[in-house]
Amino acid sequence: MSKYVLRVVVLAYLLFLLVLPVVLIGWKTFQHGLGPFFDALTTHEALHAFQVTFIVALWAVALNTVFGVGTAILLVRHRFPGKRILNAVIDLPLAVSPVVVGLALILVYGRFSSFGGWLEDHGIKIIFSTPGMVLATVFVALPLVVRAVVPVLEEMGDEQEQAAQTLGAGRWQTFRRITVPGIRSALAYGIVLCLARALGEYGAVAVVSGRLVGQTQTLTLYVEERFQNFEQPAAFAAATALALIAIVSLLVIKLLQRKAD
């Protein structure tokens, strides 16, 4: 009897916490048909929000992929002083609030800080522009690629890499022909996770972007701005688009997990 009660409790919890809110957003979006949905997403402001979102997300994914693979190799294949500290610092973005991250970036790169002021004097604007949004997104998604690749590297071992180097292969050749094929599925899994996290980021981006409509407004900021201005059809349409992106990302992640297994 207890297992049935537990199932009912879990299903009810998921229903009211996850399923029902998403279903209600979808119903609000499509209650008048597909026309208003596409009309809301094809306005200049919505298209610009999509553009900014994907630019920031793609830059963040690219930077975190390069950093994540390099850091994973460093943690698994090398021994050095401070390795445990580095391993712990990698998970810092999971513990720090994104709003705190945004505030910290303003303190470092803002125009009233020494470094940020020097950058702006030389024509490089970080805060309230795309570079600051990229930095904020990179920070919050930092551990995802690393934590996806590290276990696979540990399971692979370094025997094949050592054999390749013994046969005369260089480091880059070994990395390209041995390491990358071995971590390919895990790397793809981490990249999709990173992309999903970057597309849905709100807190840190909201602080460093300035929320300038038509300039530094991502899709998540667009949803909030439209809802607060009582333009609910546009807000629901953008929220549904984000939900659909999240669902597609989830399906891709599950597919990659099956291939990895």
Side-chain angles (χ1 to χ4, degrees), residues 22 25-26 28-30 34-68 93 98-99 101-102 105-106 109-111 119-120 123-142 144-145 188 190-253:
V22 174
I25 290 177
K28 285 285 187 180
T29 302
F30 298 109
L34 293 175
F37 173 73
F38 289 110
D39 291 340
L41 294 183
T42 52
T43 62
H44 173 73
E45 293 80 5
L47 291 175
H48 189 272
F50 271 107
Q51 180 183 357
V52 173
T53 300
F54 282 110
I55 289 174
V56 171
L58 291 177
W59 272 107
V61 169
L63 293 172
N64 273 336
T65 299
V66 174
F67 175 82
V99 176
V101 174
L105 290 175
I106 290 178
Y109 298 104
R111 62 178 301 183
L119 288 176
E120 290 210 14
I124 303 174
K125 187 176 181 180
I126 303 296
I127 302 302
F128 303 148
S129 64
T130 302
M133 299 165 68
V134 171
L135 286 176
T137 308
V138 166
F139 187 96
V140 298
L142 186 69
L144 299 178
V145 174
I191 289 174
V192 174
L193 278 179
C194 184
L195 179 61
R197 182 70 177 87
L199 291 174
E201 174 54 28
Y202 172 81
V205 170
V207 176
V208 301
S209 67
R211 309 186 189 193
L212 304 176
V213 178
Q215 297 182 43
T216 61
Q217 189 180 57
T218 61
L219 202 56
T220 52
L221 301 179
Y222 175 82
V223 171
E224 183 203 28
E225 184 261 334
R226 294 296 164 177
F227 189 79
Q228 289 183 348
N229 289 332
F230 302 101
E231 298 182 26
Q232 294 187 356
F236 288 136
T240 300
L242 282 172
L244 291 175
I245 293 172
I247 291 171
V248 171
S249 300
L250 181 62
L251 293 176
V252 172
I253 289 171

Report the distance from atom CG of L195 to atom CD1 of I245, rounding to the nearest 0.5 Å. 8.5 Å

Nearest 0.5 Å, what's the CD1-CG distance between I191 and N64? 10.0 Å

Output all residues satisfying side-chain hydrogen bond (donor to acceptor under 3.5 Å, both in side chains) with [X], sequence neighbours left out; order by chain, then residue number.
X: N229; value: E225
X: T240; value: T29
X: T220; value: T218

F139: what forms a ring pair (Phe, Tyr, Trp, His ring centres under 6.0 Å) with it, not counting sequence neighbours? none

So, using ring pair (Phe, Tyr, Trp, His ring centres under 6.0 Å) as the criterion, who are the partners of F37 when residues are at least two apart? F30

Hey, which of V61, V140, L142 is the one that makes side-chain contact (heavy atoms from CB on, under 4.5 Å) with C194? V61

Scan the side chains in residues 125-134 for donor-acceptor partners under 3.5 Å anywhere in the protein, sequence neighbours excluded, and list what turns up.
| from | atom 1 | to | atom 2 | distance (Å) |
| --- | --- | --- | --- | --- |
| S129 | OG | K125 | O | 2.8 |
| S129 | OG | I126 | O | 2.8 |

Could you go through residues 51-60 and list every donor-acceptor pair under 3.5 Å that involves a side-chain atom there, pairing it with any protein atom two or more places apart or in another chain?
| from | atom 1 | to | atom 2 | distance (Å) |
| --- | --- | --- | --- | --- |
| T53 | OG1 | A49 | O | 2.7 |
| T53 | OG1 | L219 | N | 2.7 |

Let me check something: any side-chain donor-acceptor pairs from residues 198-212 under 3.5 Å, sequence neighbours excluded? List them with distances.
| from | atom 1 | to | atom 2 | distance (Å) |
| --- | --- | --- | --- | --- |
| E201 | OE1 | R197 | NH1 | 2.5 |
| E201 | OE1 | R197 | NH2 | 3.2 |
| E201 | OE2 | G203 | N | 3.1 |
| E201 | OE2 | A204 | N | 2.9 |
| Y202 | OH | E224 | OE1 | 3.0 |
| Y202 | OH | E224 | OE2 | 2.8 |
| S209 | OG | V205 | O | 2.8 |
| S209 | OG | R211 | N | 3.1 |
| R211 | NH1 | E224 | OE1 | 3.0 |
| R211 | NH1 | E224 | OE2 | 3.3 |

Pairs where residues 230-241 contributes a residue and the test salt bridge (charged side-chain N to carboxylate O under 4.0 Å, His left out) is met, not counting sequence neighbours: R226-E231

Looking only at heavy atoms, the pair that brings A234 and A40 closest together is CA-CB, 3.8 Å

Could you tell me which residues satisfy side-chain contact (heavy atoms from CB on, under 4.5 Å) with A46, sequence neighbours excluded, listed by chain and number? T43, Y222

Determine whether F236 and V223 satisfy the following criterion, side-chain contact (heavy atoms from CB on, under 4.5 Å), listing intermediate values before the conclusion. CA-CA 7 Å; F236 288 136; V223 171; over 6 Å; no

